[in-house]
Protein chains: 2
Amino acid sequence: MAGEKTQLRVDARQNRDRIVASARETFAADGLDVSMTEIARRAGVGVATLYRRFPTKDALVREVFAEQLEACTGEVRGAAEDPDPWRGFCRAVEKLCEMQARDRGFSAAFLTAFPEAVPVDGMRAMAEEAFAGVVTRAKATGRLRPDFTTDDLTLVLMANNGLVTDSVEAAVAASRRLVAYFLQAFQARDPLPPPVSLGLRDALG
Amino acid sequence: MAGEKTQLRVDARQNRDRIVASARETFAADGLDVSMTEIARRAGVGVATLYRRFPTKDALVREVFAEQLEACTGEVRGAAEDPDPWRGFCRAVEKLCEMQARDRGFSAAFLTAFPEAVPVDGMRAMAEEAFAGVVTRAKATGRLRPDFTTDDLTLVLMANNGLVTDSVEAAVAASRRLVAYFLQAFQARDPLPPPVSLGLRDALG
DNA sequence: CGGAAAACGGAAGGAGCCTTCCACTTGGGC
DNA sequence: GCCCAAGTGGAAGGCTCCTTCCGTTTTCCG
């Protein structure tokens with residue numbers, strides 16, 4: 001995924017880096033609904049420069065969040081190696097949610113918005129695979145309820161994504177409390193009311 | 001909240017009703033990001049007619065969701081009268097979340113978007129007050145964990161709001177599962193000392 | 001039934017956004 | 001130091017959206 005245009009002119013390279021940095025900050029703070037003009041302004045370049053590097057806004061978004069996604073996958077993998085599977089599970093959920101809470105744009109890019117985000121989907125699939133391992137092992141210890149599914153992670157992330165607040169700190173605090181509740185609910189207990197997910201209906205009579 | 005302009009011409013009255021109905025359906029299905037032109041088209045009127053009744057899009061949104069909010073308050077009050085406070089608590093949370101899941105625009109209007117929504121806030125405050133009573137009683141029985149706060153309801157609703165799916169049914173199904181998890185987490189973990197049955201007078205204030 | 005006021009529809013104003021175009025500048029191999 | 005291609009900035013095209021304006025149609029009171 002690298003090494004395509006390494007022969008960028010040095011000034012162009014610097015500008016490109018500034019653009020990505022600027023876009024990352026701005027997306028994190030205000031979400032994806034920021035104009036390209038604004039991003040260019042904050043990067044100290046003209047809008048044409050931005051478009052020379054990223055032919056479309058989607059492309060910029062993908063570039064910006066590609067490494068964020070990689071960090072995600074890394075966290076999950078790290079959690080997967082925790083000697084205590086349940087603790088690893090908790091760590092994975094906590095980390096993912098905190099990352100999400102700290103970056104509004106990332107949430108949006110990760111969960112909704114961009115159907116064109118092919119590399120995003122690929123990366124996401126890898127993270128999900130790693131997470132599936134954590135789940136299996138955590139269930140084996142008996143700490144994680146057996147009817148937990150990997151779809152429930154999506155549920156958690158979507159729920160966590162809903163926590164929109166004024167400040168990042170408030171979002172993180174809210175996210176922490178949310179996750180704490182979730183983790184208590186995920187601990188093995190009595191059977192669940194509704195079965196799996198997606199496509200099903202009719203639960204409580 | 002009625003009786004301001006009862007002397008609307010009959011055709012105007014009909015058009016107004018069609019506008020509100022059309023707006024409600026459209027907001028519910030697609031959220032608040034629908035153009036006024038589209039709403040007018042679906043109502044079978046010109047855009048000017050729409051603006052004659054509702055000077056701004058905000059005004060239309062408020063009108064549309066005012067009665068939704070009233071329904072909300074009604075649900076909470078109904079739950080408040082349940083002889084079993086814990087069951088009432090569960091019912092309130094379940095009902096609110098389901099209503100939210102069924103109506104994307106309502107979620108958005110209720111939780112975010114419109115700071116100008118004064119009547120919304122007023123109505124919301126009433127619902128919150130009713131809910132506070134439910135919480136107090138549910139805690140008194142020992143079923144609801146004592147560290148639950150009414151802010152946690154906001155947490156739940158925001159989380160529930162994050163459940164964006166393709167179809168309404170999928171959203172409702174996801175919401176059900178989410179709520180089931182929450183309710184398990186909200187249950188007092190270890191049975192508290194016997195429910196002290198003093199009068200409720202002090203608590204309700 | 002007749003006319004004034006209310007209501008109407010569609011076009012047009014004004015703003016914002018993504019994207020493209022083009023004349024000008026700058027880097028770096030020769 | 002020269003020169004051309006790569007790079008650049010800002011203006012402008014095209015689109016959508018919210019809102020306003022105005023000539024025409026409809027209601028309803030006397």
Side-chain angles (χ1 to χ4, degrees), chain A residues 3-23 26-27 29-65 104-105 108-109 112-117, chain B residues 3-23 26-27 29-65 104-105 108-109 112-117:
Chain A
E4 259 183 47
K5 291 227 175 180
T6 323
Q7 42 250 61
L8 269 182
R9 242 165 60 176
V10 284
D11 57 339
R13 181 79 222 167
Q14 286 177 342
N15 280 336
R16 204 199 111 103
D17 290 347
R18 275 214 300 273
I19 287 169
V20 172
S22 158
T26 313
F27 285 152
D30 302 330
L32 262 31
D33 287 351
V34 191
S35 74
M36 294 295 262
T37 309
E38 174 69 12
I39 293 172
R41 197 186 57 73
R42 294 208 200 183
V45 303
V47 65
T49 303
L50 203 167
Y51 273 93
R52 174 170 294 274
R53 295 296 152 241
F54 306 97
T56 172
K57 191 176 182 179
D58 274 38
L60 176 62
V61 170
R62 281 203 291 281
E63 170 69 27
V64 167
F65 291 112
R104 288 188 55 186
T112 60
F114 289 79
E116 294 295 324
Chain B
E4 255 185 47
K5 292 226 174 177
T6 324
Q7 42 252 58
L8 269 183
R9 242 167 59 177
V10 286
D11 57 338
R13 180 79 221 166
Q14 287 177 341
N15 279 336
R16 204 197 112 103
D17 291 346
R18 274 214 300 273
I19 287 170
V20 173
S22 158
T26 313
F27 285 152
D30 302 331
L32 260 34
D33 286 351
V34 190
S35 73
M36 294 295 261
T37 309
E38 175 67 11
I39 293 172
R41 196 186 57 73
R42 293 209 202 185
V45 303
V47 65
T49 303
L50 202 166
Y51 272 93
R52 175 171 294 273
R53 294 298 152 238
F54 306 97
T56 173
K57 192 175 181 179
D58 275 37
L60 176 62
V61 170
R62 280 202 292 281
E63 169 69 26
V64 166
F65 293 110
R104 288 187 55 186
T112 61
F114 289 80
E116 295 294 324

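Here is the naming used below: chain letters follow the sequence lines, and residue numbers restart at 1 for every chain.
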Residue pair A/Glu38, A/Asp30: steps toward the side chain to side chain contact (heavy atoms under 4.5 Å, CB included) verdict: CA-CA 11 Å; A/Glu38 174 69 12; A/Asp30 302 330; over 6 Å; no

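- Phosphate proximity of D/dT19 to B/Thr56: present, with a side-chain N or O under 4.0 Å from OP1 or OP2.
- Taking every heavy atom of both residues into account, B/Ser22 and B/Arg42 meet most closely at OG-CB, 3.4 Å.
- Shown here for B/Leu50 and B/Ile19, the closest heavy-atom pair between the two residues is CA-CD1, 3.7 Å.
- Counting any heavy atom pair closer than 4.0 Å across all strands shown, A/Ala48 reaches a base atom.
- One atom, CG of B/Asp33, and another, P of D/dC17, lie 10 Å apart when rounded to the nearest Å.
- Atom CZ in A/Arg16 sits about 18 Å away from atom P in D/dA6, given to the nearest Å.
- D/dA5 atom C1' lies 10 Å from atom CZ of A/Arg52, rounded to whole Å.
- Along DNA chain C, read 5' to 3', the first and last nucleotides having any atom under 4.0 Å from a heavy atom of chain A are C/dC17 to C/dG28.
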Restricting to nitrogen or oxygen on both sides, can you table the protein-nucleotides 24-30 of chain D pairs closer than 3.5 Å?
residue: D/dT26; atom: O2; partner: B/Arg9; partner atom: NH1; Å: 3.1
residue: D/dT26; atom: O2; partner: B/Arg9; partner atom: NH2; Å: 3.1
residue: D/dT27; atom: O4'; partner: B/Arg9; partner atom: NE; Å: 3.3
residue: D/dC28; atom: OP1; partner: B/Val10; partner atom: N; Å: 3.1

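- In this structure, A/Tyr51 places its OH atom 14 Å from C1' of D/dA12, rounding to the nearest Å.
- Between B/Met36 and B/Leu60 there is a side-chain heavy-atom pair separated by less than 4.5 Å.
- The shortest heavy-atom contact between A/Ala12 and A/Leu8 is CB-CD2, 4.2 Å.
- For the segment residues 35-44 of chain A, the set of residues with a heavy atom within less than 4.0 Å of an atom of DNA chain C comprises A/Ser35, A/Met36, in numerical order.
- Where B/Pro55 and A/Asn15 each meet DNA chain D at their nearest nucleotide, the meeting point lying more 5' is that of A/Asn15.
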